[in-house]
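Every chain is numbered from 1, with letters handed out A, B, ... down the list of sequences.
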Amino acid sequence: MHDKSSSSASAPRVRFAPSPTGFLHVGSARTFIFNWLYARHNRGTMVFRLDDTDVERNTDASVQSILEGLRWLGLDWDEEFKQSERLALHRSAAHAIFDRGLAYRDFTPAHAAEGEASSAQGAWLFNPGMRELSRDESDRRAAAGEPFALRYRVPRNEGRIVQFNDAVYGEMAKPSDEIEDFALLRSDGNPTYHLSSCVDDADLRITQIIRGQDHLTNTFKHVLIFEGLNAQPPQFAHLPLLVAPDGAKLSKRKHGSVVSVTTYRDAGFLPEAFINFLCLLGWSPKNDLEFMPISQLTELFTLEGVNRSNAVVNFSEESPFDPKAVHLNGEHLRALSVDDLSARLQPFFDQAGLNASPEKLREVTPLIRERIRLMSEAPAAADFFFLDQLPPYDPAELIPAKGADAAMTLRVLQHAQQILAAVPEWNHDSLDKALREAAATLGLKAGPMFQPIRVAVCGRKNAPPLFETMTVLGREICLDRIQKAEAKMAEI
RNA sequence: GUCCCCGUCGUCUAGCCCGGCCUAGGACACCGCCCUUUCACGGCGAUAACACGGGUUCAAAUCCCGUCGGGGACGCCA
């Protein structure tokens, strides 16, 4: 490629522009991820821009919470901006549009036309009388201190069609007659979202706007603003929405904490698994691949792979997380090295108050990694490795469902205790050998032989493989627990 | 209400643009079998979808029209 367009076809610049009015939710996270993937795939620039023009609703806690969510995802950005620090630019842009005659002052008091029949009778387009105000009268009233909002003078009755080409939805067109005279400046002089967003996108030389489909119809207004700014609009790419099982757009208010990314973090999702899951919602590499590390997602991501229909994120009271996300997490968990997984599991054990030393946890990790799908499940799956005292369990559990009765169970325990006290070496192979021989001696199959021991040692029926478990636990603890089990048997 | 978008297994999706290779592929979930000292992991298999109605065509999931259904946007919120 050495044509003359090489300079204009420079590296793409994309942005993620959250407004700090709540925690980072999964829909926003996906938008961020797609932007990031696009930037990295095309060796472009990722811009983080805080769209904090709504002073009323913005909170610092929200900013922190969004950053916390993004930090967890582990995806970076190259440039950072805050809209609240760029208000002067937005205002002067508004004035420039006004000076070009593309906007007018609207002295109608705020919220004047709210409620009533206005919304029932079709779309509102503009407040009567304001469009036609002469420049002189407009100036006079403004000078007199009468508050006004600045509105875009959308072309009327000119047969004008506003259009743009969306990278996902294709050719979009709408008669300007159907677009309302949206506000650029509020009566307090502050810019609206539409204005700030477009002015910044133009000023920051954003080349692709990748955002939720809920902005699809707003885009016509944005095209008009770019026009008023004398700027070339970026390419738009709208993403299908993430919806709840009830079909409605995911919202913090309606669906609660299940839409917050920190909820996934706290439940023990791996960020790479969460990202993988989100990517599969509304995008596909089209080759049946589903398990993908971030490097591969980056390599495969293109806007052509984005589809157009909304995707359901499944969650319910019983299972708060989409089963596919959980499954994917299990796969990513198992793809980690034991050292890595062990380190990531540590906080979950600490939080559970299990006092797990890194060394011990490192030994336990291989025994549970195929048995958990969320890291939060780990403490419950491995608590008996770290507890001095086994939690109480039903002695009846000691008795196998088939192959041995209570009397035989007691014999198994007693015999095992003798054998285990005498095994020369406390490792997998000698335990295996000794206990299988013991089973033969008692005339039992492996199952009925191992079950009582497993329950005695772990305090439950379902546990990791017996010999590995006993090896990690050590002889002393095993013998002690078997001893206690015998005592329990006596209770029956 | 007005405008816009969408509609393939329960869910995420491939296929649709460039009609035949689709007796519609993959994944999750569910069920069954195998592996196995339990639970898992893994392997194998089963059930399961082109919203509906018209057209165009030798041929339609794929093209056209309509209907219905779902979602979104219509704010001096973002």
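Residues in residues 428-441 of chain A take part in these salt bridge (Lys or Arg N to Asp or Glu O under 4.0 Å) pairs, two or more places apart or across chains: A:Asp432-A:Arg436, A:Lys433-A:Glu437. Applying the ring pair (Phe, Tyr, Trp, His ring centres under 6.0 Å) test to every pair with at least one member in residues 161-181 of chain A, sequence neighbours left out, gives these pairs: A:Phe164-A:Phe220, A:Phe164-A:Phe236.
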Heteroatom pairs (N/O) under 3.5 angstrom, protein to nucleotides 42-46 of chain B:
residue: B:rG42; atom: OP1; partner: A:Arg334; partner atom: NH1; Å: 3.2

Protein-nucleotides 11-13 of chain B N/O pairs under 3.5 Å:
residue: B:rU11; atom: O2'; partner: A:Asn314; partner atom: ND2; Å: 3.0
residue: B:rC12; atom: OP1; partner: A:Val312; partner atom: N; Å: 2.9
residue: B:rC12; atom: O2'; partner: A:Leu280; partner atom: O; Å: 2.7
residue: B:rC12; atom: O2; partner: A:Lys324; partner atom: NZ; Å: 3.0
residue: B:rU13; atom: OP1; partner: A:Gly282; partner atom: N; Å: 2.4

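In this structure A:Asp214 satisfies the salt bridge (Lys or Arg N to Asp or Glu O under 4.0 Å) test together with A:Lys249, sequence neighbours excluded. A:His215 pairs by the ring-ring contact (aromatic ring centres under 6.0 Å, His included) definition with A:Tyr193, not counting sequence neighbours. Taking A:Arg308 as the reference, nothing meets the side-chain hydrogen bond (donor to acceptor under 3.5 Å, both in side chains) condition, with sequence neighbours excluded. The salt bridge (Lys or Arg N to Asp or Glu O under 4.0 Å) check on A:Asp203 picks up A:Arg86, with sequence neighbours excluded.
Within residues 178-185 of chain A, the residues having any heavy atom closer than 4.0 Å to RNA chain B are, in order of number, A:Glu178, A:Glu180, A:Ala183. Listed in residue order, the members of residues 144-152 of chain A having a heavy atom less than 4.0 Å from RNA chain B are A:Ala149, A:Arg151.
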With a cut-off of 3.5 Å and sequence neighbours excluded, list every side-chain donor-acceptor pair involving residues 311-321 of chain A.
residue: A:Ser316; atom: OG; partner: A:Ser319; partner atom: N; Å: 3.2
residue: A:Ser316; atom: OG; partner: A:Ser319; partner atom: O; Å: 3.4
residue: A:Ser316; atom: OG; partner: A:Ser319; partner atom: OG; Å: 3.3

Name each donor-acceptor pair under 3.5 Å that joins a side chain in residues 16-30 of chain A to protein atoms two or more places apart or in another chain, with its distance.
residue: A:His25; atom: ND1; partner: A:Gly27; partner atom: N; Å: 3.2
residue: A:Arg30; atom: NH1; partner: A:Pro240; partner atom: O; Å: 3.2
residue: A:Arg30; atom: NH1; partner: A:Leu281; partner atom: O; Å: 2.8
residue: A:Arg30; atom: NH2; partner: A:Pro240; partner atom: O; Å: 2.4

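Between the side chain of A:Arg308 and the base of B:rC6, no donor-acceptor pair under 3.5 Å is found.
Both A:Gly247 and A:His428 sit near RNA chain B, but only A:His428 has its closest nucleotide nearer the 5' end.
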